[in-house]
There are 4 protein chains.
Amino acid sequence: MTSLAEDPHLDPDEAARQARGRMRSAQILGAAARLMERTGSQAMSMQALAEEAGVSVGLIYRYFGGKDDLLFAVIVDVLDSFATRVPEAVAAAKPDPVEQLAAAFRAYCEVINDKRHAAVLTYRESKSLSDEHRRRTKELEVSTSDPLRQLLRQGIDGGLLLDVDVDLVAYNLLLVAHGWALKHWYFEHTHGFEDYVGKQTALALGGIVAPRYRRRYAHLLAL
Amino acid sequence: MTSLAEDPHLDPDEAARQARGRMRSAQILGAAARLMERTGSQAMSMQALAEEAGVSVGLIYRYFGGKDDLLFAVIVDVLDSFATRVPEAVAAAKPDPVEQLAAAFRAYCEVINDKRHAAVLTYRESKSLSDEHRRRTKELEVSTSDPLRQLLRQGIDGGLLLDVDVDLVAYNLLLVAHGWALKHWYFEHTHGFEDYVGKQTALALGGIVAPRYRRRYAHLLAL
Amino acid sequence: MTSLAEDPHLDPDEAARQARGRMRSAQILGAAARLMERTGSQAMSMQALAEEAGVSVGLIYRYFGGKDDLLFAVIVDVLDSFATRVPEAVAAAKPDPVEQLAAAFRAYCEVINDKRHAAVLTYRESKSLSDEHRRRTKELEVSTSDPLRQLLRQGIDGGLLLDVDVDLVAYNLLLVAHGWALKHWYFEHTHGFEDYVGKQTALALGGIVAPRYRRRYAHLLAL
Amino acid sequence: MTSLAEDPHLDPDEAARQARGRMRSAQILGAAARLMERTGSQAMSMQALAEEAGVSVGLIYRYFGGKDDLLFAVIVDVLDSFATRVPEAVAAAKPDPVEQLAAAFRAYCEVINDKRHAAVLTYRESKSLSDEHRRRTKELEVSTSDPLRQLLRQGIDGGLLLDVDVDLVAYNLLLVAHGWALKHWYFEHTHGFEDYVGKQTALALGGIVAPRYRRRYAHLLAL
DNA sequence: TATGAATGAGCCTTCATTCAT
DNA sequence: AATGAATGAAGGCTCATTCAT
């Protein structure tokens with residue numbers, strides 16, 4: 001009921017309980033993402049989810065407020081992954097805006113590939129969210145795309161990129177990254193994931209890298 | 001549902017009846033698209049649809065087989081518009097693959113703008129379709145994107161465009177066209193429709209027009 | 001549940017345990033009465049009761065057989081108070097049937113005032129009891145009202161009271177005593193408890209005291 | 001949907017529909033009162049009600065907003081009967097406050113006897129009502145008891161009755177009237193309805209009729 | 001053609017009860 | 001003695017679909 005800030009020195013029982021709780025959450029969340037992707041969030045019945053997750057119906061309600069919160073939690077889980085892994089990828093890339101942009105885009109795609117089931121929900125199920133949840137989702141989406149916008153801005157300011165509409169290009173990159181999940185069933189047979197990311201990177205950068213720097217980024221622009 | 005080519009020799013009563021029938025269909029279809037866009041197809045109740053359309057529940061079942069058929073009909077209605085208006089736009093454009101490509105893309109965007117409510121359903125509600133309907137929807141989508149692929153192929157063969165992956169670029173163009181409907185609530189405040197189409201055309205072509213022809217298409221590439 | 005007369009020779013540990021047990025019982029029983037009065041016994045969830053009582057759900061089941069037994073225990077607790085305190089009040093009053101009747105009535109009212117939460121349950125929740133529990137409740141209610149009937153009979157036999165229907169008058173007195181709990185929210189602002197008891201005593205006796213003895217009981221009959 | 005004030009000249013179809021609607025309402029309301037009395041309103045399941053009423057579950061929701069509204073409707077139905085039949089009885093009685101008081105009390109008892117199932121609900125189920133419904137119920141109860149208070153006031157002003165607490169006596173009369181429903185299972189074997197009403201009238205009036213007028217109302221005061 | 005009353009299967013959610021710790 | 005995670009049956013309610021008028 002009352003839970004102090006998680007203290008690692010808490011008694012072991014409490015720690016074990018929390019660990020089991022997190023496991024349960026993940027177990028249910030994963031099952032929910034799978035089912036929602038398969039049939040849509042509205043068509044997913046809680047009984048079906050219980051079966052897929054291997055728990056009882058009642059237990060789902062101990063961990064999540066209800067169907068709405070569950071959808072929200074699945075979406076937040078993806079957006080959180082973006083918030084974690086994209087900055088990591090940027091930090092690991094060469095200290096160059098364009099290289100970092102490519103790395104960020106790849107990171108978006110990788111998260112989407114990892115959480116393919118959940119990623120499409122952002123696009124498909126936003127109407128099923130409550131007003132409050134929709135608002136918070138939009139906030140997260142915006143802040144999630146911030147790295148892209150910052151790098152684009154840096155590239156433009158440094159003369160590496162043409163003076164494009166930053167918001168629009170960032171939106172396109174996200175759209176294309178989600179495109180892998182949306183038509184995954186189609187592309188995984190014709191293109192592999194690496195192929196998809198490489199070609200999309202080349203297409204996207206091809207339209208915005210300043211001509212004089214095209215040679216420098218030839219490894220990214222090669223079709 | 002199945003309507004053979006109308007017989008011009010039908011008696012006048014029959015003609016009037018068919019006209020009223022088509023009007024009823026459109027009336028219901030429009031209301032359905034609006035409601036589905038507002039809340040998702042699953043959340044739309046047939047009783048709510050009846051009210052929105054200004055008819056009784058029973059009547060909907062006289063014109064459409066059921067809820068599934070209704071969703072399918074709404075989607076087919078959009079895809080039909082593509083099939084009609086894109087070729088028209090191509091025929092009306094200058095006889096140049098790149099010009100025609102731009103015209104086709106604009107036509108896609110215009111249809112999506114006109115039927116914004118219904119357009120998003122293609123992305124959002126495909127999982128709600130029956131297997132048979134989903135199969136036919138995919139078929140239509142593929143044939144719908146044929147003009148793009150043909151024009152890209154022509155442009156590449158004529159040396160006007162770089163040797164890009166035709167399927168991928170066509171997919172991107174459709175993705176971006178639908179992007180207008182998906183984030184319409186966001187862009188309509190920052191970019192107008194014309195702005196959106198112009199900039200997206202420039203971005204897309206900027207990445208694929210062969211360098212030596214960039215000047216010829218400067219009016220399309222201007223950011 | 002079943003508690004034999006405690007053995008005074010029990011070891012001290014056992015005694016302490018029993019004491020804690022009784023405290024727990026009272027703690028849970030009080031919380032149950034409060035919650036039941038607030039929302040009805042059916043609407044009271046065992047988890048809510050656990051929270052209100054400050055114990056775990058499991059513990060409730062160690063002390064009470066289940067929800068049904070709990071309701072029964074709450075009701076029995078009130079009826080037990082009647083069985084204890086009414087005879088005490090009668091014994092403490094002057095040795096006169098009418099004085100004792102007034103004292104008994106006052107005692108009923110006092111118990112009801114003390115256990116207002118639980119008292120209404122007798123009226124409101126009898127339908128929620130199992131057949132067996134309902135039977136035993138009725139038995140207790142009847143024996144609970146015995147003092148009233150006996151005193152009325154004595155008064156009539158001694159010529160102090162008119163020859164009224166003993167059962168009916170006893171029933172009325174109980175009804176009016178419970179009336180304090182039923183409309184407590186209303187009367188506590190217009191009449192105080194003392195006012196209520198005094199006036200009701202006067203009204204009830206006013207209708208049944210033999211005319212020739214009205215002066216003797218003027219202190220009870222004054223409106 | 002839009003229903004003008006009921007016009008007797010409305011087309012016959014509409015009239016027939018309204019008639020059937022009222023029949024359905026009564027059919028469901030009666031079944032609800034029976035079941036609620038038998039097991040309590042909370043324990044009554046909507047499926048059980050549907051079966052008892054001989055309709056489908058869904059239909060209940062066409063006529064009543066839900067379980068809450070149903071309970072409220074049942075209670076209002078009783079209170080409405082009071083509002084109708086008590087004034088009628090007063091008007092039909094001799095033009096004398098005490099005679100009219102007795103007639104009013106009898107009318108209360110008769111309504112309660114007729115709608116025994118529903119009458120107890122006022123006492124038992126008030127906690128199951130929503131705040132708004134409880135407020136409106138209380139309003140109705142107060143106005144329902146107005147005739148009693150008025151007649152008592154008249155009797156006192158005319159010197160026919162002792163100067164008793166009007167609110168309290170009115171409350172007692174209602175309590176005793178409901179007492180017939182509350183312990184009906186007990187009294188119907190020992191007293192008949194007529195016996196109950198007669199004796200209660202005598203008891204109640206016996207305590208409040210001014211001594212000098214006791215002979216005039218001997219027919220009401222005879223035990 | 002058109003209506004809308006009626007149906008009932010199925011869904012989300014709650015909660016009494018159990019049991020491993 | 002005490003906890004609370006876990007279960008699953010049951011209930012309120014919705015809504016796609018039918019059919020008499």
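Basis for what follows: all heavy atoms, side chains included, without hydrogens, waters or symmetry-related copies. Protein chains get the first letters and strands the later ones, always in sequence-line order, with residue 1 at the start of each.
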May I have the distance from B:Leu49 (atom CG) to F:dA16 (atom P), rounded to whole angstrom? 9 Å
So if I define the base as every atom that isn't primed, P, OP1 or OP2, how would nucleotides 16-21 of chain E read as a B/S/- string at a heavy-atom cutoff under 4.0 Å? BBB---
Could you state the atom-to-atom distance from CD of C:Glu51 to C1' of E:dC15 in whole Å? 15 Å
Nearest whole Å is fine: how far is E:dA5 P from D:Gln18 CD? 11 Å
Hey, does the side chain of D:Arg62 come within less than 4.0 Å of E:dT7's phosphate (OP1/OP2), counting only N and O? no
side-chain hydrogen bond (donor to acceptor under 3.5 Å, both in side chains) with D:His133: which residues, sequence neighbours excluded? none
Please list every donor-acceptor pair under 3.5 Å in which a side-chain atom of residues 55-62 of chain D meets a protein atom from a residue at least two apart or in another chain.
unit_1, atom_1, unit_2, atom_2, d
D:Ser56, OG, D:Leu59, N, 3.4

Can you list the residues that meet the side-chain hydrogen bond (donor to acceptor under 3.5 Å, both in side chains) rule with D:Glu51, with sequence neighbours excluded? none
Output row for DNA chain E, stems defined as at least 3 consecutive Watson-Crick or G-U pairs under 3.5 Å, is E:2-21 with F:2-21
Name all residues meeting the ring pair (Phe, Tyr, Trp, His ring centres under 6.0 Å) criterion together with D:Tyr63; count only those two or more places apart in sequence or in a different chain, and write none if there are none. none
The side chain to side chain contact (heavy atoms under 4.5 Å, CB included) partners of B:Thr137 (sequence neighbours excluded) come to B:Phe72, B:Ile75, B:Leu79, B:Leu129, B:Glu141
Given F:dA6, is OP1 or OP2 found less than 4.0 Å from the side-chain N or O atoms of A:Tyr63? yes
Could you list by number each residue of residues 25-38 of chain C showing a heavy-atom separation from DNA chain E of less than 4.0 Å, or answer none if no residue does? none
Once side chain to side chain contact (heavy atoms under 4.5 Å, CB included) is applied, do any residues pair with A:Arg20, and if so which ones, sequence neighbours excluded? none
Without decimals, in angstroms, what is the distance between A:Leu59 CG and F:dA5 P? 9 Å
Side-chain N,O (A:Arg17) to OP1/OP2 (F:dT3) below 4.0 Å: no
With a 3.5 Å cut-off and sequence neighbours excluded, list the donor-acceptor pairs that the side chains of residues 27-45 of chain C form with protein atoms.
unit_1, atom_1, unit_2, atom_2, d
C:Gln27, OE1, C:Arg24, NH1, 3.4
C:Gln27, NE2, C:Ala53, O, 2.9
C:Arg34, NE, C:Glu52, OE2, 2.9
C:Arg34, NH2, C:Glu52, OE2, 3.3
C:Glu37, OE1, C:His117, ND1, 3.1
C:Thr39, OG1, C:Leu35, O, 3.1
C:Ser41, OG, C:Glu125, OE1, 2.7
C:Gln42, NE2, C:Ser128, OG, 3.1
C:Ser45, OG, C:Ala48, N, 2.9

d(CG, D:Asp69; P, F:dG12) in whole Å: 14 Å
Report the residues that fulfil side-chain hydrogen bond (donor to acceptor under 3.5 Å, both in side chains) with A:Gln47, sequence neighbours left out, ordered by chain and then residue number. none
Closer to the 5' end of DNA chain E via nearest nucleotide, is it D:Ser56 or B:Val55? B:Val55
When the distance from CE of B:Met23 to C1' of E:dA2 is rounded to whole Å, what number comes out? 13 Å
On DNA chain E, nearest-nucleotide positions of B:Arg24 versus D:Gly54: which is more 5'? B:Arg24
Whole-Å gap separating P (F:dA1) and CZ (C:Arg22): 14 Å
What's the CG-C1' distance between A:Leu71 and E:dC12, to the nearest Å? 15 Å
Just how far is it from atom OG of A:Ser130 to atom CG of A:Leu71, taken to the nearest 0.5 Å? 9.5 Å
In Å and rounded to the nearest 0.5 Å, what is the OG to CD distance from C:Ser25 to C:Gln18? 11.0 Å
A:Lys127: side-chain hydrogen bond (donor to acceptor under 3.5 Å, both in side chains) partners, not counting sequence neighbours: none
Steps toward side chain to side chain contact (heavy atoms under 4.5 Å, CB included) verdict (D:Leu70, D:Leu49): CA-CA 11 Å; D:Leu70 206 42; D:Leu49 172 55; 3.2 Å; yes
